[in-house]
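Below you'll find the structure, written out as C-alpha cells, and then a few comments.
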Amino acid sequence: MLDIQLLRSDAGHVARLLATRGYVFPEAEFSALEVERKRLQTSTQEMQARRNAASKQIGNAKARGENVSPLLQEVASLGDELKEAEARLDRVQDALQHLLLQIPNLPHSGVPVGSGEVDNREVRRWGTPRSFDFEVKDHVSIGEGLGLLDLQAAAKLSGSRFSLMKGGLARLHRALAQFMLDIHTREHGYEEAYVPYLANAESLRGTGQLPKFKEDLFEVPRKRNEPETSLSGNSEPGSDNDNLYLIPTGEVPLTNIVQDEIVGLESLPIRLTAHTPCFRSEAGSYGRDTRGIIRQHQFEKVELVHIVHPSNSYDALEELTGHAEKILQKLGLPYRVMLLCTTDMGFAAAKTYDIEVWLPAQGAYREISSCSNCEAFQARRMRARFRNEKGKPELLHTLNGSGLAVGRTLVAILENFQNADGGVSIPEVLQPYMGGLRQLKA
RNA sequence: GGAGAGAUGGCCGAGUGGUCGAAGGCGCUCCCCUGCUAAGGGAGUAUAGGCUCAAAAGGCUUAUCGAGGGUUCGAAUCCCUCUCUCUCCGCCA
C-alpha cells in the first residue's frame with residue numbers, strides 16, 4: 001500500500017511513476033473520493049464533538065443534581081443525523097481503502113523503465129554452461145527414463161500440473177531442501193521457521209496477494225455449522241470472509257510474523273527461512289510450461305525473508321540475493337542475475353532481482369529465484385513497525401526471495417548433470433544428504 | 001465434541017454507566033541529589049487519523065480497552081454475535 005499522504009500531496013508524480021509499471025492511477029476518482037472524504041470527515045467529527053460536549057454537560061449536571069431534561073432535548077435530534085453521517089463516511093473510507101489496496105508499489109529509482117521481459121537488465125553471470133557430446137534430454141525424459149518421475153500418475157491423482165516422484169528422485173528433492181536450509185541457517189545467519197501452510201485473508205492482504213490476485217490462490221472453505229442463514233448481514237462488501245488460503249509462497253507466513261507488531265530496534269534485522277510447499281492455481285497461464293514440472297500447482301520452496309530498518313533495505317537486498325546465488329554456486333549450476341524492469345516486477349516490489357538458472361534442454365536461463373525489496377509497501381498493509389531511535393513507531397522494510405525454488409533446482413540438476421547413459425550425477429554437496437550416492441541410474 | 005475462565009497501553013495489572021485514553025506498578029527518557037557503586041527525589045512516556053499552519057512548533061478535534069453489531073444524551077463497563085487464549089474431560093497424529 002502506498003502512503004496516502006504522498007498521494008494527497010503529489011498525486012501527479014505518483015501517477016507518472018505508476019505509469020512506468022503500466023498501471024493507470026485513477027487520479028480523478030481518487031481526488032473525488034478525497035474531496036468527499038474530507039467534507040464528510042470534517043462534518044462528522046464536528047457532530048461527534050458536539051455530542052461529546054453535550055454528554056459531558058449532562059453528566060456534570062446530573063452530578064450536581066440538576067434537571068437535565070432541557071439538555072437532553074438539545075441533543076435528541078443529533079443521534080440519527082450522526083449515525084447517518086458516520087455510515088456515509090465509512091462508505092467513502094472503504095472505497096478509498098479499496099482503491100489504495102489495488103495500487104502496486106512504486107519502482108525504486110534504480111529500476112530500468114521497460115515494457116516487458118526484454119527490458120530486464122543482466123547484472124552478472126556465473127558459471128559456464130556445459131557442452132554436451134550427446135543429445136541433451138529435458139528433465140521429463142530424464143526422470144521418466146529413470147522410472148522415477150510419473151506425471152501420468154500425478155494427473156490421475158490430482159490433475160495436470162502436479163507431479164509424482166519416487167525413489168532417488170524424491171530423495172534428491174528432499175535433499176535439496178535440507179541442503180538449502182542448512183546453508184542458510186549455518187552460513188548466512190537465518191533462523192529456521194516452521195509455519196502454517198494455510199493463511200487467513202488478513203495475512204494475504206498484508207503481503208499483497210489479496211484482494212487483487214485472489215484467482216491465483218487456492219481458497220479453502222471453512223465448515224460452518226450455521227443453518228441456511230446465508231443472508232446474514234456480515235457479508236458486506238468491505239469485510240472479508242474467514243476462509244483460509246493455501247499459501248502461494250512462504251513469504252506470506254514469514255513476513256506476516258510482524259503483522260501488527262512494533263518490534264524493538266535491537267531485534268533488527270530479522271532474517272527468517274522456511275521450507276514450505278507453495279500452492280498456485282496458475283490462473284491465466286494455461287499455455288505456459290505445460291510440459292514437465294516447471295510450473296506446478298504445488299511445489300516446494302525454501303524462502304528467505306528479511307525484516308529490516310528502512311536505511312538498510314537495499315544493502316539487505318544485495319545480501320539476500322547473494323545468499324540465494326550461493327546455493328547455485330555450491331551446486332555448480334550456471335546462472336545469471338537479472339534486474340527486472342518496471343513492468344516485470346511483482347505487485348509489492350520496489351526492486352527485484354531474478355536469478356535464472358541455465359537449462360540445457362531449453363537452451364535458456366529460467367527463473368529459479370526472485371528477490372525483492374518491498375520497502376514499506378507490505379509493512380504499511382500489515383502495520384509492521386519498529387521503534388526508531390527517537391522511540392517513535394516507524395514502518396519496517398520487508399524483503400523476500402527464494403533460496404531456492406526446490407522443484408526448479410531439481411530440474412536444473414537433472415538437465416545439467418545428465419549423462420550419456422541416461423543417468424544423472426549428484427552434485428558433491430548433496431551426496432551426504434543422499435547416503436553417499438553419487439549417481440541416479442536407471 | 002462437552003464444561004468453565006479470560007482478552008485493557010511496550011509489559012504487568014486496576015477499573016460494572018458520566019469528570020476514564022484509562023489508577024498503580026515495571027520498563028524507558030530527561031532532570032535533581034548522592035565525591036564511585038547502590039539507593040533516593042521530580043517530570044515525562046499509547047496508536048492512527050482529521051482540521052489549522054508556507055513548513056516546523058503549536059493549537060483544535062475524532063477514533064481506538066480482542067473484532068463486529070446493539071441499548072443510551074453518554075459504554076472499557078450493559079446486551080447480542082464472532083474470534084482467540086487458558087484450565088478440565090473426551091477423542092486423536
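Bear in mind the structure is a predicted one, so any value in this text is a computation, not a measurement. In what follows, chains carry the letters A, B, and so on, assigned in the order in which the sequence lines appear, proteins first and then strands, with residues in each chain numbered from 1. Just so it is clear, the values below take in all heavy atoms, side chains as well, and ignore hydrogens, waters and symmetry mates.
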Q) When you look at CD of A:Q73, are more than 12 heavy atoms from neighbouring residues, nucleotides or ligands closer to it than 6.0 Å? A) no
Q.
Less than 4.5 Å apart, side chain to side chain, heavy atoms only: is that true for A:L272 and A:I257?
A. yes
Q. Between B:rG49, B:rU71, B:rC51, which nucleotide gets closest to the side-chain atoms of A:Q41?
A. B:rG49
Q.
Please report the distance separating the P of B:rC79 from the corresponding atom of B:rG18, rounded so that it comes out in whole Å.
A. 16 Å
Q) What nucleotide, of B:rU19, B:rG18, B:rG10, holds the atom closest to the side chain of A:R387? A) B:rG10
Q | Phosphate OP1/OP2 of B:rU47: any A:K392 side-chain N/O under 4.0 Å | A | yes
Q | Residue whose nearest RNA chain B nucleotide is more 5′ - A:L72 or A:R385 | A | A:R385
Q: Mind checking which stems touch RNA chain B? I mean at least 3 consecutive Watson-Crick or G-U pairs, both distances under 3.5 Å.
A: B:1-7 with B:83-89, B:10-12 with B:24-26, B:27-32 with B:40-45, B:46-52 with B:58-64, B:66-70 with B:78-82
Q.
Side chains of A:N200 and A:S203: any donor to acceptor distance under 3.5 Å?
A. yes
Q. Among B:rG49, B:rC73, B:rC51, which is the nearest nucleotide to the side chain of A:Q5?
A. B:rG49
Q) Is a side-chain donor or acceptor of A:R408 paired with a backbone partner of A:E367 at a separation under 3.5 angstrom? A) yes
(Q) Show, in sequence, the C-alpha distance, side-chain angles and deciding distance for A:H297 and A:F279, and conclude whether the ring-ring contact (aromatic ring centres under 6.0 Å, His included) test is met. (A) CA-CA 5 Å; A:H297 287 314; A:F279 301 92; 9.9 Å; no
**Q.** Donor-acceptor side-chain pairing of A:Y353 and A:E318 below 3.5 angstrom
**A.** yes
Q.
Using OP1 and OP2 only, check whether a side-chain N or O of A:K38 sits under 4.0 Å from B:rC51.
A. yes
Q: Look at the side chain of A:K62 against the base of B:rG18 and say whether a donor-acceptor pair falls under 3.5 Å; ignore hydrogens and angles.
A: yes
Q | Between A:H173 and A:E300, a side-chain donor and acceptor under 3.5 Å | A | no
Q. Near RNA chain B, which residues from residues 250-267 of chain A have a heavy atom under 4.0 Å away?
A. none
**Q.** Minimum side-chain heavy-atom gap A:K351-A:S372 below 4.5 Å
**A.** no
Q.
Please encode protein proximity along nucleotides 54-62 of chain B as a string of B, S and -, counting only heavy-atom distances under 4.0 Å.
A. -------SS
Q) Any idea which of B:rA48, B:rU52, B:rG18 is nearest the A:P393 side chain? A) B:rA48
Q) Under 4.5 Å between any side-chain heavy atoms of A:L157 and A:F162, yes or no? A) no
